[in-house]
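Below, chain A is the first sequence line, B the second, and so on; all start at residue 1.
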There are 2 protein chains.
Amino acid sequence: MLKLTKRAEYGLTALVHLTDHAGDVVSAREISEHYRLPHRLVGEALKDLCRAGHLQSLRGPAGGYRLARSASSLTVGEVIAAIEGAPALPECDAMALVDLGFDSLADCDVESRCPIRSPLHRIQEDIWRQFERTTLEELAAPDFSLIPNRNVAKTTLSASA
Amino acid sequence: MLKLTKRAEYGLTALVHLTDHAGDVVSAREISEHYRLPHRLVGEALKDLCRAGHLQSLRGPAGGYRLARSASSLTVGEVIAAIEGAPALPECDAMALVDLGFDSLADCDVESRCPIRSPLHRIQEDIWRQFERTTLEELAAPDFSLIPNRNVAKTTLSASA
DNA sequence: TCTATTAGCACTAAATTAGTGCTATTTGAT
DNA sequence: ATCAAATAGCACTAATTTAGTGCTAATAGA
């Protein structure tokens, strides 16, 4: 439940590696051997990232990948979106109600029929936002300090708990 | 990817309903018919919640469930944990390294072998924290205002974006 | 020409999830 | 007493999703 797929995990692993070796061209094989991951799957993830424009690829021997953008502008959200596809917002709004057999919003009582209403939706949006505001540079940083939003959130949390 | 199971969704739906009808005893059938959900599955979720002590059950005709605790003290995190089980932290620490064949932390170089390091771990922890700090009372509130932490987070986000 | 790489699918196998079947127990109503 | 309707607790099947591989083509350095 609520976990990333291996593809996304491998993709992030590879990207962090590429961030640590910014500028270098690194092959899928090198990455997979270094972290002992199934190299074909790492390759699939890298292909997805390349298609999305986050990576640049070079073919042939000595080929491989390198970041197409700065690690500080690439977010975890973009990476996951490129590999797993868009969010997965809970089906609990007009669409879902139509699927349930309601012809229009007019003849259904959202408040009483959809108890999750927007909150669950918003929770998942917040999760997504968290992904979108975390950059690869931050993810690659060994101790994860220097992340303003996260630190503020944490302070707020402990202050209210 | 990164979505709740139906059981968790139905469980939250049922709980929001029970929150709206606090004090009443409501059967799984009533809830499932009201929201047009598979009633057996709703029942399974409710059983899980009952086993976890979040609900009180009454048998026999006119039986059903009611909140065992106040909606303001029950969190989304507790609900999900009761239904789906604990988190699902990424396997990217000592355990995983041992699984990969390293005998001890001493002979492996975490920094170079585990590029996700703690950050991904922390991202998922933060998601979980978000679940843990959202109460059912908040989830049941129609417009989701009055949620201090979330509002602060949002302000911070927009201020920095 | 050979070899090592990426590109792009399609496909199989494993794992997870959704939903149901079945039986037992409880309890109010008749 | 009996019946009906509810929860309790599994086990089980079917559907869906995910992991991983097979295969072929294109690219490019040696």
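The shortest distance between the side-chain N/O atoms of B:Arg29 and the OP1/OP2 oxygens of D:dA6 is below 4.0 Å. In this structure, A:Ser57 reaches the C:dA7 phosphate: one of its side-chain N or O atoms is under 4.0 Å from OP1 or OP2. Checking the phosphate oxygens (OP1, OP2) of C:dA24, no side-chain nitrogen or oxygen of B:Arg59 falls inside 4.0 Å. Taking only side-chain nitrogens and oxygens, B:Tyr10 comes nearer than 4.0 Å to OP1 or OP2 of C:dG19. At the phosphate of C:dT6, neither OP1 nor OP2 sits under 4.0 Å from any side-chain N or O atom of A:Arg51.
The separation between A:Arg7 atom CZ and C:dC9 atom C1' is 11 Å, rounded to whole Å. Rounded to whole Å, the distance from CD on B:Glu44 to C1' on C:dT20 is 10 Å. Atom NZ in B:Lys6 sits about 15 Å away from atom C1' in C:dT16, given to the nearest Å. Following rounding to the nearest Å, A:Leu4 (CG) and D:dT18 (C1') show an atom-to-atom distance of 13 Å. We find that CD of B:Gln56 is positioned 15 Å from C1' of C:dT26, with the value rounded to whole Å. Rounding to whole angstrom units, CZ of residue B:Arg36 and P of C:dA18 are separated by 22 Å. One interatomic measurement links the two molecules: CZ of A:Arg40 to P of C:dG8, which rounds to 14 Å at whole-angstrom precision. Rounded to whole Å, the distance from CG on B:Leu41 to C1' on D:dA15 is 13 Å.
For C:dG8, the base has a donor-acceptor partner in the side chain of A:Lys47 [N/O atoms by modelled type, under 3.5 angstrom].
Of the possible polar contacts, one joining the A:Glu84 side chain to the A:Thr5 backbone as a donor-acceptor pair under 3.5 Å is found.
Within 4.0 Å (heavy atoms only), A:Leu58 reaches sugar-phosphate atoms of the nucleic acid but no base atom.
Looking at the side chain of A:Ser27, the nearest of the listed nucleotides C:dT5, D:dG20, C:dA18 is C:dT5. Comparing D:dA8, D:dA19, C:dG8 against the side chain of B:Cys50 picks out D:dA8 as the nearest.
When all heavy atoms of B:Ala8 and B:Ile83 are compared, the pair lying nearest together is N-CG2, 3.7 Å. Looking at every heavy atom in both residues, A:Ala71 comes nearest to A:Thr135 through O-CB, 3.7 Å.
For the salt bridge (charged side-chain N to carboxylate O under 4.0 Å, His left out) test with A:Glu44, the passing option among A:Lys6, A:Arg51, A:Arg7 is A:Arg7; the others fail.
Proximity of A:Glu30 to A:His21: side-chain heavy atoms (C-beta onward) are nowhere separated by under 4.5 Å. Put simply, the side chain of A:Leu15 does not reach to within 4.5 Å of the side chain of A:Leu139, judged on heavy atoms.
Cluster annotation: B:Leu18 and B:Leu58 are assigned to distinct hydrophobic clusters (Ile/Leu/Val/Met/Phe/Trp/Tyr, side-chain heavy-atom contacts under 4.5 Å, transitive).
Of the residues in residues 60-68 of chain A, those placing a heavy atom less than 4.0 Å from an atom of DNA chain D are A:Gly60, A:Pro61, in numerical order.
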